[in-house]
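Here is the naming used below: chain letters follow the sequence lines, and residue numbers restart at 1 for every chain.
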2 protein chains.
Amino acid sequence: MGKAKPTKYAILSLLSLEPMSGYDMKKLIDVSLVHFWSESYGQLYPTLRALESEKLVTSRRERGSGKPDRIVYTITRKGRWELKNWLRQPADIPRVRYELLLKLFVGSMLPVESNAEQIRLQRRELAHGLSKFRLYRKMVMEDGVDPMHRVYFLLTIRHGEMVARARIRWCDEALKILGEVAKESPDE
Amino acid sequence: MGKAKPTKYAILSLLSLEPMSGYDMKKLIDVSLVHFWSESYGQLYPTLRALESEKLVTSRRERGSGKPDRIVYTITRKGRWELKNWLRQPADIPRVRYELLLKLFVGSMLPVESNAEQIRLQRRELAHGLSKFRLYRKMVMEDGVDPMHRVYFLLTIRHGEMVARARIRWCDEALKILGEVAKESPDE
DNA sequence: CGTGTCATGTAATCAGTTACATGATTCA
DNA sequence: TGAATCATGTAACTGATTACATGACACG
């Protein structure tokens, strides 16, 4: 079955919230969905055209005074129908490629300290990511966000937080273990 | 900088443990590294050839009695050097595409129960994954695994477990929240 | 006066999966 | 008898990133 075409459905999903341009989508993804989604312009713009010729979205050109024109897309009835269809399929489990763990898997190639440093670096990234969730959560709460959507937005934020926290705990545990290893064999 | 070529370094990593064939690598990845890595034959075999012509690995053909011949690859000094170089670079943070969360992000398109079902499905997958970690951990402990490697193997397992547990906790929390939402508005 | 934002777009490239083909052997 | 395992390999396809181009305006 499947044949996912993720970008297509990501676009339809965003348009189900409100009409917007490709540029808007990119922004939205990069700030609010960044912990579970990503898109590039090179993928976004051509797909938008394809969706239009499939009649899943319509477009209208908005004159920008000074600024460049923007093309605002709106999802059609057919588009909503297709989106719902996809939403009902079981979500596929993404196969990840987590470089840090691969590097650690063959960690004995390098001195313990080198691996510890990798983990510290990762920890910093994760902590930084966590702080962004706090801001984003505030945004979702304050703003005039449709309470229908709010529950679901909060669920995705909560997921990001919980996984990031688990990873940070792992970093701490791993650093402790490597610290002991280093004590046992202070050579290399 | 970067220009990662992840498959290349995944192969060198595995060969740093012991000589093996492309087929062996695929097996190893699919059972022991599955929670943080994946490779397809279509990627593995051509890359192995490329690595050989780069003199990073050597190959010898092993006659199989009855079974097909296998081509066993060994990492060279140059290969180890290149691998170490890569290991020292900071690990890049993978940009994920987690379909479940995208579907949940626009969850209000469907009845609450439909979203809950998605989460239950995911929960089952995660629980199943967790049980595999227990087996894998036992393997690493019992077997004649080089204790130098063991620490690092265990670290990757521990990461898998901790993240899977966090996700399961999130599933439970999310289901509880959606349960309350359903009570408040039993319509749709 | 240079940088950044707005906004769309395309071509080159790369990385990756999928589906096939081969063919002997073992197991139910 | 049919399926699964062993083992290598390739061609077709898809999906995605990257780097570029355009051009006006606002900010400091």
D:dA16 phosphate, OP1 or OP2, under 4.0 Å from A:T7 side-chain N/O: yes

What's the spacing between A:N115 CG and A:L104 CG if we round to 0.5 Å? 5.5 Å

So that I can tick it off, tell me whether B:E117 and B:R124 are bridged by a salt bridge, with the cut-off set at under 4.0 angstrom between side-chain N and carboxylate O. yes

Which whole-number value in Å describes the distance from A:D92 CG to D:dG15 P? 13 Å

Tell me whether the rings of B:Y41 and B:Y23 are parallel (<30°), tilted (30 to 60°) or perpendicular (>60°). parallel

Rounded to the nearest Å, what distance is computed from the CZ atom of residue B:R60 to the C1' atom of nucleotide D:dA7? 16 Å

Could you list all the salt bridge (charged side-chain N to carboxylate O under 4.0 Å, His left out) pairs where at least one residue sits in residues 150-169 of chain B, not counting sequence neighbours? A:E173-B:R158, B:R137-B:E161, B:R158-B:E161

Pairwise salt bridge (charged side-chain N to carboxylate O under 4.0 Å, His left out) hits with a residue in residues 28-47 of chain B, at least two apart: A:R97-B:E39, B:K26-B:D30

Ranking D:dT18, C:dT18, C:dT8 by distance to the side chain of A:S40, first place goes to D:dT18

Side chains of A:Y98 and A:Q122 only: does a donor on one sit below 3.5 Å from an acceptor on the other? yes

A:L44 CG to C:dT8 P: how many Å, rounded? 10 Å

Should B:Y152 and B:V140 be regarded as members of a common hydrophobic cluster, given that ILVMFWY residues are connected when their side-chain heavy atoms come within less than 4.5 Å of each other, either directly or indirectly? yes

Please list residues of residues 17-26 of chain A whose heavy atoms come under 4.0 Å from any atom in DNA chain C, ordered by number; otherwise none. A:S21, A:G22, A:Y23

Let me check something: do A:V145 and B:V112 share a hydrophobic cluster, defined by ILVMFWY side-chain heavy atoms less than 4.5 Å apart, either directly or through other members? yes

Phosphate OP1/OP2 of C:dT8 contacted by A:R49 side-chain N/O (<4.0 Å): no

Rounding to a whole Å, what distance do you find between B:R63:CZ and C:dA24:P? 15 Å

Is there a salt bridge (Lys or Arg N to Asp or Glu O under 4.0 Å) between A:R49 and A:E52 once you walk through the steps? CA-CA 5 Å; A:R49 303 212 148 188; A:E52 187 169 22; over 6 Å; no

Contact state string [nucleotides 22-28 of chain D, B base, S sugar-phosphate only, - no protein heavy atom under 4.0 Å]: -B-S---

If you assign B:G42 and B:R95 each to the DNA chain D nucleotide with the nearest heavy atom, which residue ends up on the more 5' nucleotide? B:G42

Report for the helix from C:dC1-D:dG28 to C:dA28-D:dT1: angle between first-end and last-end helix axes, five pairs each, rounded to 10 degrees. 40°

Of the options C:dT17, D:dG15, C:dC6, whose atoms approach the side-chain atoms of A:K5 most closely? D:dG15

Would you indicate which nucleotide in D:dT8, C:dA15, C:dA7 comes nearest to any side-chain atom of B:Q43? C:dA15

Over 60° means perpendicular and under 30° means parallel, so tell me whether B:F105 and A:F36 are parallel, tilted or perpendicular. tilted

Please tell me whether A:Y136 and B:V96 are part of a single hydrophobic cluster in this structure, the criterion being side-chain heavy atoms less than 4.5 Å apart. no

Just how far, in rounded Å, is P of D:dA16 from CZ of A:R97? 14 Å

What is the distance, rounded to the nearest whole Å, between atom OH of B:Y41 and atom C1' of C:dA21? 15 Å

Rest of the hydrophobic cluster containing B:W81 (Ile/Leu/Val/Met/Phe/Trp/Tyr, side-chain heavy atoms under 4.5 Å)? none

Name the residue closer to the 5' end of DNA chain D, choosing between B:K27 and A:E39 according to the nucleotide with the nearest heavy atom. B:K27

Nearest whole Å is fine: how far is D:dT10 C1' from B:L48 CG? 15 Å

Among the nucleotides C:dT8, D:dA7, D:dA16, whichever has the atom closest to the side chain of B:R70 is D:dA7

Atom CD1 of B:I93 to atom P of D:dT17: distance rounded to whole Å? 14 Å

